[in-house]
Number of protein chains: 2
Amino acid sequence: MYIETLKKELKERKYRMTPQRELVLKVFMEHDAEHLGADDVYRILFSKKHSVSKATVYRTIDLLVEFGFLRRLEFGEGIYRYELAKKDKLHHHFVCKICGKIYEIKESYLENLKNSLENQGFVFENFDLKIYGICPKCARKSKKNPLRRK
Amino acid sequence: MYIETLKKELKERKYRMTPQRELVLKVFMEHDAEHLGADDVYRILFSKKHSVSKATVYRTIDLLVEFGFLRRLEFGEGIYRYELAKKDKLHHHFVCKICGKIYEIKESYLENLKNSLENQGFVFENFDLKIYGICPKCARKSKKNPLRRK
DNA sequence: TTGATTGCAAAAGCTTTGCAGGGAA
DNA sequence: TTCCCTGCAAAGCTTTTGCAATCAA
């Protein structure tokens, strides 16, 4: 369980468990695969009457990233988003430029690329693959109703 | 030649060629593969006594992205960087977490992934693959002089 | 001439930081 | 009790925008 692991890791590094840290981590657990940004987290907590200041949300997120609970993502919006880092599940993101939905792509053809680079002496740490395009749903729609050119 | 192409495209869309637009595009041509940010461009021009305002640098970069001359990149620094978009040369980026150098990776194993997704109905537009790790140079160095743990 | 483009400064986001008070261990 | 953590407000950065003056076509 994430909360228990966090408690343990905090103790190991002489940090303290606080209600705020638990609340922030829980938000990510309850909104798994939603790619929340700091402001989203703040607003979710605020709407539940759990007031955690924005500064604390930012600081807690940084801590959770550092501890490996969260993975930081960017989708070209000018903000950072985060997702629970389940290390066993390597996946990538397909961003639909029409509906904005983000699909998680589980294919792992990248293993080949990884092997090739490792043969060249590179050491792998982390991938970040984003694919931009049109998702099947929107592609079907635009076949029926093609967008007009400006 | 990029400048001529830009002139032509601007004319087609009833935009105007200006010294500023030419200067900004030239900076990218002269600093190919350096992944400049807007501020870098501004400072390069400033140091050459070509004063182009920051606002214009930003606006011109946006225009060049829209026209397909530049590709926008993010490396988790909180700023956008750009590179000349040579459409024929699909490549990815390996960011060394030690020296910070960005290597361009030319492998195209991603073709497989692309084909697989296209079979599922996704329409491709653009890739953005970043790989974080340690480059061969730094990996060799740290073998000789391993970093101390904190 | 005409309206797109520039420069300046102000504004707008997102994120970080300083500091004093509060709270976990 | 100790000193880590929080909240608040201010500050920091990058990027965007409003507006009058300028300049390309």
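Below, chains carry the letters A, B, ... as their sequence lines are ordered, and counting in each starts from 1.
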Contacts of B/Lys14 and B/Ser51 projected onto DNA chain C by closest heavy atom; the upstream (5') one is B/Lys14
Length of the [atom1]-[atom2] vector between [X] and [N], whole Å:
X	N	atom1	atom2	result
B/Leu23	D/dA24	CG	P	12 Å
B/Arg21	C/dG7	CZ	P	11 Å
B/Tyr15	C/dT5	OH	C1'	12 Å
A/Glu77	C/dC14	CD	P	10 Å
A/Glu22	D/dT6	CD	P	12 Å
A/Met17	C/dA25	CE	P	9 Å
A/Lys7	C/dA24	NZ	P	12 Å
A/Lys54	D/dG12	NZ	P	19 Å

When A/Ala55 and B/Gly78 are each assigned the nearest nucleotide of DNA chain D, the 5'-most assignment goes to A/Ala55
Closest to the 5' end of DNA chain D, once A/Thr60 and B/Asp62 are matched to their nearest nucleotides, is A/Thr60
Counting just side-chain N and O atoms, does [X] come under 4.0 Å of either OP1 or OP2 of [N]?
X	N	result
B/Tyr58	D/dT16	no
B/Arg59	D/dT16	no
A/Gln20	D/dG7	yes
A/Thr56	D/dG7	yes

- Quick one: which of C/dG23, D/dT15, C/dT5 gets closest to the side chain of B/Arg16?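 Closest nucleotide among those given: C/dT5.
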Of the listed nucleotides D/dG7, D/dC5, C/dG7, the one nearest the side chain of A/Ser53: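 Output: D/dG7.
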Exercise for review: Verify, without hydrogens or angle tests, whether A/Arg21 (side chain) and A/Leu64 (backbone) share a donor-acceptor contact under 3.5 angstrom.
Suggested key: no
B/Arg72 side chain vs A/Gly76 backbone, donor-acceptor pair below 3.5 Å |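 Yes; at least one donor-acceptor contact below 3.5 Å.
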**Message:** Other residues, nucleotides and ligands only: do more than 12 of their heavy atoms fall within 6.0 Å of CZ on B/Phe46?
**Reply:** no
Sub-6.0 Å ring centroid separation between B/Phe122 and A/Tyr103 = yes
So OG1 of B/Thr60 and CG of B/Leu23: to nearest 0.5 Å the spacing works out to 9.5 Å
Charged N to carboxylate O below 4.0 Å: is that the case for A/Arg81 and A/Asp40?
yes
Per-helix bend value, the helix from C/dT1-D/dA25 to C/dA25-D/dT1, C1' rotation axes over five pairs per end, 10° rounding, shows 40°
Checking A/Glu74 now: which residues fulfil salt bridge (charged side-chain N to carboxylate O under 4.0 Å, His left out) with it, not counting sequence neighbours?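 For A/Glu74, no residue satisfies salt bridge (charged side-chain N to carboxylate O under 4.0 Å, His left out) once neighbours in sequence are set aside.
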